[in-house]
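Below, each value reflects all heavy atoms present in this structure, side chains not excepted, and no hydrogens, waters or symmetry copies. Order of appearance sets the numbers: ligands from 1, and atoms from 1 within every ligand.
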Amino acid sequence: MRQILAGTTAAKGMALGRARLVQPSRYLVDTRPLNEGEVDVELERLHRALETARQELRELRGKLHGALAREVNEFIDAHSLLLDDPELLRGLDDLVRIGHYRPGAALKKQRDRLAAVFEAMDDPYLRSRKEDVDQVISRVISALQRQTSREERKLAARVGEILIADTIAPADMAHLAGAGLLGVVASSGSPYSHSAILARSLDLPMLVGARDALSTIHDDDLILLDAERGEAVVHPTAQDLARYRSWQREAALEGRRLATLANAPTRTIDGVDVRLLANAEMPPDIAMARSRGADGVGLYRTEFLFLRQKGLPTEDEQFIAYRDLVLGMGGLPVTIRTLDLGADKADAAGLVLRGEDNPALGVRGVRLSLRYPAVFTTQIRAILRAACYGPVRVLVPMVTQPDELIAVRTLFKLARQELKRENVDLPEKLALGAMVEVPAAAINVRALLEHADFLAIGTNDLAQYVLAADRGNDALDNIYNPLQPALLRLLSYVIAEGRRAKKPVSLCGEIGGDTNFTALLLALGLNEFSMHPSQLLHVRDRIAALDHGALRGQAPRILRARTHEEAEALLAQITG
Ligand code: PEP
Ligand code: MG
């Protein structure tokens with residue numbers, strides 16, 4: 001019989017598939033107390049399960065590539081941190097050793113304690129962090145259960161299924177999406193959760209808070225997940241299926257319409273050409289950038305080479321990665337950013353200083369590279385060698401003042417001399433550019449432009465530093481807003497100064513690929529956008545509907561806005 005379950009849309013879209021239930025059976029644990037003689041053995045089991053859970057997260061990290069890796073690694077880091085949390089671990093040990101809890105019961109007890117703390121919080125984002133605790137503990141419990149029963153993990157996806165669960169860990173979602181999962185219905189959770197954010201970027205429809213999902217739906221029930229309306233239909237009728245087919249047709253049409261833009265120029269209604277570049281990390285990004293008609297790579301984040309492995313990548317390993325990138329772009333310009341480690345990106349090789357009080361304000365980006373000239377020179381040599389295969393520009397992250405660019409230029413000069421002595425082929429002079437992501441660099445951009453051949457504005461960090469609001473902290477949503485007048489004025493100033501100095505200025509933060517900001521950025525005078533390649537066609541489509549001259553004329557009005565709300569209202573008015 002047809003039944004409808006209401007929920008909150010966490011990621012839009014529709015999907016039709018068989019239900020696959022993951023019951024939270026993980027909390028059905030043995031509550032009988034341990035005998036004194038069992039304590040040591042059980043403690044060891046607990047530690048093994050914790051280690052298995054850590055290992056699973058490490059393996060998962062190794063399997064994910066490209067943009068997906070970037071998104072998921074953040075969650076994996078959060079979960080790994082929880083697994084190493086001294087307070088959690090000490091609490092578990094005490095429960096087993098002193099309280100004589102079995103490991104499963106100890107895990108459940110700790111979970112309940114932590115959940116109560118999070119649930120008591122007013123902030124919806126912080127409240128939703130309870131899900132992370134749930135997911136981590138259930139991973140350990142499941143590792144514990146496998147030690148005895150060796151049963152296969154329940155989360156082995158079959159193609160064509162919709163997952164019905166209490167919550168799902170982001171890392172598991174990434175894995176399942178690759179294995180053919182169609183959508184997710186979660187009985188708890190919030191649209192603020194890490195999983196919800198990930199579902200949106202994976203284009204995986206997802207409902208959260210579908211309260212009775214686990215008791216109403218059975219394994220293999222046919223489910224129509226309608227995350228457009230915020231409901232899941234169990235045993236859909238012919239009428240439901242017709243609605244689904246019509247949605248599919250529209251979605252396919254929209255997809256095909258966008259696909260026709262792959263080889264089209266990026267041009268506004270009034271005939272102004274705009275350059276669209278891709279942000280890339282891994283080979284699939286490069287393939288996508290090519291197939292969607294990017295004008296080049298505007299940001300190649302090299303730190304991912306350093307985060308993927310234990311030691312430092314060798315010169316040859318780096319050379320091969322950069323050369324393949326250059327070859328992959330078939331003669332289009334490629335912007336290689338030098339290492340941007342530090343803050344939230346700590347490498348396994350231990351370059352990043354541990355224990356800094358404020359790592360986001362610490363030794364990161366070019367500050368770190370200049371602290372380790374030998375490591376930096378290895379990267380510089382690899383870049384110089386790769387640049388013999390096609391046009392390359394070099395971009396320096398986290399520049400604060402001109403002397404950093406001067407120091408980088410000197411290291412490039414020295415590396416050239418070294419390579420020349422070794423009779424290695426050398427490229428023509430490479431353009432050296434600065435990321436503008438530190439407020440001082442933006443405000444003093446004239447001085448920077450005397451030493452930089454081009455600029456790339458990193459709005460992700462620039463916003464965080466201008467607003468003193470951590471870019472990863474969703475609790476600061478109302479402050480971390482790209483429409484903040486202070487940020488808009490700074491963007492406009494940097495773009496104008498770049499034009500005055502006749503040097504290219506691109507923008508490679510997330511807003512570059514967000515069509516909600518395309519009109520704004522054109523109004524501020526930007527004509528080079530760099531974005532995740534999945535966004536290229538959407539932005540090209542948006543630009544084709546905008547009038548450049550009219551938008552430029554509105555810039556003074558936008559720049560007079562006193563609050564981000566005012567800027568938003570103005571923008572809505574201007575773009576109709
Ligand atoms: C930025 O800060 O806007 C940027 C593009 O760099 P990342 O996101 O790698 O810090
Ligand atoms: Mg940055």
With a 4.0 Å cut-off on N to O distance, would you call Asp461 and Arg364 a salt bridge?
yes
For Val399 and Val408, what are the C-alpha separation, side-chain angles and deciding distance, and is it a side-chain contact (heavy atoms from CB on, under 4.5 Å)?
CA-CA 11 Å; Val399 172; Val408 175; over 6 Å; no
Proximal ligand 1 atoms for Cys508, defined as those under 4.0 Å from one of its heavy atoms:
5 (C)
Side chain, backbone, both or neither: which applies to Glu510 and ligand 1 if a contact is any heavy-atom pair less than 4.0 Å apart?
neither
Should you measure from each heavy atom of Gly458, which atoms of ligand 1 turn up under 4.0 Å away?
1 (C), 2 (O), 3 (O)
Under 2.8 Å from the Mg ion (ligand 2), can any N, O or S atom of Glu437 be found?
yes
Enumerate the side chain to side chain donor-acceptor pair (under 3.5 Å) contacts for residues 447-459, please, sequence neighbours excluded, ordered by first and then second residue.
Arg409-Asp453
Consider ligand 1: state whether an atom of it lies below 4.0 angstrom from any non-hydrogen atom of Arg337.
yes
Does anything in residues 377-387 pair up under side chain to side chain donor-acceptor pair (under 3.5 Å), and if so which pairs, sequence neighbours excluded?
Thr302-Gln379, Glu315-Arg381, Glu315-Arg385, Asp316-Arg385, Tyr322-Gln379, Arg381-Glu418, Arg381-Glu422
Quick one: does any side-chain atom of Glu568 pair with a main-chain N or O of Leu483 as donor and acceptor, under 3.5 Å?
no
Please find the N/O/S atom of Asp461 nearest to the Mg ion (ligand 2) and write down its name.
OD2
Can you name the one residue among Leu277, Leu332, Leu325 that meets side chain to side chain contact (heavy atoms under 4.5 Å, CB included) with Val297?
Leu325
Any nitrogen or oxygen of Glu437, main chain or side chain, under 3.5 Å from a nitrogen or oxygen of ligand 1?
yes
Ligand 1 versus Thr459, non-hydrogen atoms closer than 4.0 Å: side chain, backbone, both, neither?
backbone
